[in-house]
Amino acid sequence: MNNYYPPEPFRIKSIETVKMTTLEERKKIIEEAGYNTFLIDSKDVYIDLLTDSGTNAMSDKQWAGIMMGDEAYAGSTNFRHLEKTVQDLFGYKYLVPTHQGRGAENILSRIAIKQGQYVPGNMYFTTTRYHQEANGGIFFDIIRDEAHDATLSIPFKGDIDLSKLEKLIHDKGAENIAYVCLAVTVNLAGGQAVSMKNMRQVRELTLTHGIKVFYDATRCVENAYFIKEQEDGYSDKTIEEILLEMFSYSDGATMSGKKDGIVNIGGFLALNDEDLFTEAKELVVVFEGMPSYGGMTGRDMEAFAIGLKESVQFEYIQHRILQVRYLGDKLIAAGVPIVEPVGGHAVFLDARRFCPHLDQEEFPAQSLAANLYVESGVRTMERGIVSAGRDKSTKINHKPKLETVRITIPRRVYTYRHMDVVADAVINLHNNKHTIKGLKFVYEPKQLRFFTARFEEID
Ligand SMILES: *Cc1c(COP(=O)(O)O)cnc(C)c1O
């Protein structure tokens, strides 16, 4: 790996003004938001690193595409463009557009999971697991053990542990496994990549048992960059060649266009199997819209198609990944505990080591995110025990090993100088970490509680 940080491969034509608040104002704002950064108004945020989802800056060409929206109810020209783009870049036969990633997860879970079947995956994702469980599936984590260890800096921490998958097939029987859900990259593990070798091996193993493999392709371009950078035999391949090989080891994929699609809204389910495609089309009309728009406007689909083509350009994705690494490298140099190696879309603070004085049930990552906002006006989010939720049957809190704050970088939005401001704020807070207090729930939603929960400080 290198410590080369390429300059922005773009120039700025349109800007948005941001405003700094005072410390006193932010103290009041976080209290009113129930110590949940999701509940802060955007106008009160200085640098917004809550998520890389839908927060991307579109290019001049994408904005031009917006003007080419064909808003016909059926058979939009923009749908054909998106369909062709996904076929070309991903290699799948059929496209079912959805309003965003979770719309695709809903449809896939409904058509591919039978009551009581297992859905093994390389770590869970919040909305993905919700839809799997809501449709009778049992999520089963088969990511390699190393992924749960924040301190271990090794490549391809997102890989599936083949022995865990083999054991599950052996113990439960292939007929009791709905499909393997393989995420590239693994968001909650820290944006960790999956190697091509692992994808190939998962394919070989599942084929012998007749088990299908569906990818969560949300950050597939970032994953492809890591393969090019770090896996033997891929440095001379293009991002496009790597993507096509990745998807050749799967039966289909769900994707949130709001991430690597470089748009503000959109998603899809892509499939190779004609029968599944027919079923998916029957459901998309119920939940999303006609199979030729699926909840997106024509102009959304046009911007998405153009965004996908831009996302595979080497200069774009190299800058993207290395800008994130720049922030991570600064924090590591200052002794701040983060999840290593730095992943594709975000730097994850390791709240266990950042706040060793807090118990996990006192929500250290939630509190750290709240305190970082007060310190600097920088908004981040919790990815730990609050996000993990409670077990559906026992109602006991899932207690993930990774208790993190995600500092997520939107695509093409912020500069290296913004990264410096963020790094300084985190380093300052780290020097005063003993001031961070634990939190307790005052309102706990039943589902996906992290979005709307409210807390107060424990004294
Ligand atoms: C964001 C995300 C989703 C869900 O997509 P939405 O567009 O937010 O509905 C699914 N999987 C992963 C890994 C994600 O990051």
Side-chain angles (χ1 to χ4, degrees), residues 38 49-56 82 86 96-110 119 121-134 137 139 141 143 147 157-158 160 179-194 214-224 226 246 250 252-270 284 287-289 294-296 300-301 303-304 307-308 311 320 324 343-346 348 380-383 387-389 400 402 404 406-411 447-448 450-452:
F38 278 97
L49 308 182
L50 183 74
T51 176
D52 62 330
S53 178
T55 53
N56 307 302
L82 180 62
V86 174
V96 183
T98 57
H99 76 289
Q100 57 186 82
R102 69 198 68 185
E105 292 169 350
N106 175 36
I107 293 170
L108 178 65
S109 300
R110 283 170 185 267
V119 191
N122 50 347
M123 206 173 267
Y124 83 100
F125 183 73
T126 53
T127 57
T128 319
R129 189 176 70 191
Y130 175 83
H131 284 295
Q132 291 166 354
E133 291 177 345
F139 166 77
D141 191 4
I143 202 167
K157 269 170 96 174
I160 281 179
Y179 56 86
V180 173
C181 175
L182 198 156
V184 286
T185 61
V186 187
N187 189 344
L188 293 199
Q192 304 297 337
V194 179
F214 292 105
Y215 286 4
D216 180 337
T218 296
R219 294 187 183 79
C220 58
V221 184
E222 293 171 6
N223 201 101
F226 285 115
M246 283 166 59
S250 71
T254 57
M255 177 159 188
S256 169
K258 302 174 69 170
K259 283 70 170 243
D260 275 0
I262 333 184
V263 284
N264 305 121
I265 194 74
F268 62 74
L269 168 63
V284 81
F287 291 105
E288 308 281 323
M296 285 182 280
D300 292 336
M301 291 189 282
F304 192 0
L308 283 172
S311 76
R320 158 73 178 156
V324 174
H345 65 302
F348 287 68
T380 57
M381 77 155 83
E382 192 259 16
R383 277 297 183 225
S387 295
L402 291 180
T404 63
R406 193 179 76 180
I407 308 176
T408 336
I409 315 301
R411 295 165 186 77
Q447 277 119 31
L448 300 178
F450 56 96
F451 282 128
T452 52

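Note that the coordinates shown come from a computational prediction; the quantities given were computed from them, not determined experimentally. Read the numbers this way: they start at 1 and go in the same order the structure lists the ligands and their atoms. Sequence positions, counted from 1, serve as the residue numbers for this chain.
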Asker: Nearest 0.5 Å please: distance from the CD atom of E222 over to the OG atom of S311.
Answerer: 9.5 Å
Asker: Specify the closest pair of heavy atoms between T98 and I107, including all atoms of both residues, with the distance to one decimal.
Answerer: CG2-CD1, 4.1 Å
Asker: With a cut-off of 4.0 Å, which atoms of ligand 1 are near a heavy atom of S256?
Answerer: 5 (O), 6 (P), 7 (O)
Asker: I want to know if ligand 1 touches K258 in the polar sense, i.e. an N/O pair below 3.5 angstrom.
Answerer: no
Asker: Heavy-atom count around F450 CZ within 6.0 Å, excluding the residue itself: above 12?
Answerer: yes
Asker: Answer yes or no: does an N/O atom from G101 fall short of 3.5 Å to an N/O atom of ligand 1?
Answerer: yes
Asker: What distance separates I160 CD1 from M123 CE, expressed to the nearest 0.5 Å?
Answerer: 12.0 Å
Asker: In the protein, what heavy atom is nearest to atom 14 (C) of ligand 1, and what distance, to one decimal place, separates them?
Answerer: K259 NZ, 3.0 Å
Asker: Tell me the nearest of T254, D216, N187, T408 to atom 11 (N) of ligand 1, using heavy-atom distances.
Answerer: D216
Asker: How many angstroms lie between NE2 in H99 and CG in D300, if you round to the nearest 0.5 Å?
Answerer: 11.5 Å
Asker: Considering only non-hydrogen protein atoms, determine which one is nearest to atom 4 (C) of ligand 1 and report residue, atom name and distance to 0.1 Å.
Answerer: T127 OG1, 3.6 Å
Asker: State which residue, out of T185, D52, T408, N187, fulfils the side-chain hydrogen bond (donor to acceptor under 3.5 Å, both in side chains) condition with H345.
Answerer: N187
Asker: Is the shortest N/O to N/O distance between S53 and ligand 1 below 3.5 Å?
Answerer: no
Asker: Who's the nearest protein heavy-atom neighbour of atom 10 (C) of ligand 1, and how far?
Answerer: E105 OE2, 3.0 Å
Asker: Looking at atom 8 (O) of ligand 1, what's its closest protein heavy atom, distance included?
Answerer: R102 NH2, 2.9 Å
Asker: Out of the candidates R102, Q132, E105, only one should pair with T127 under the side-chain hydrogen bond (donor to acceptor under 3.5 Å, both in side chains) rule; please name it.
Answerer: E105
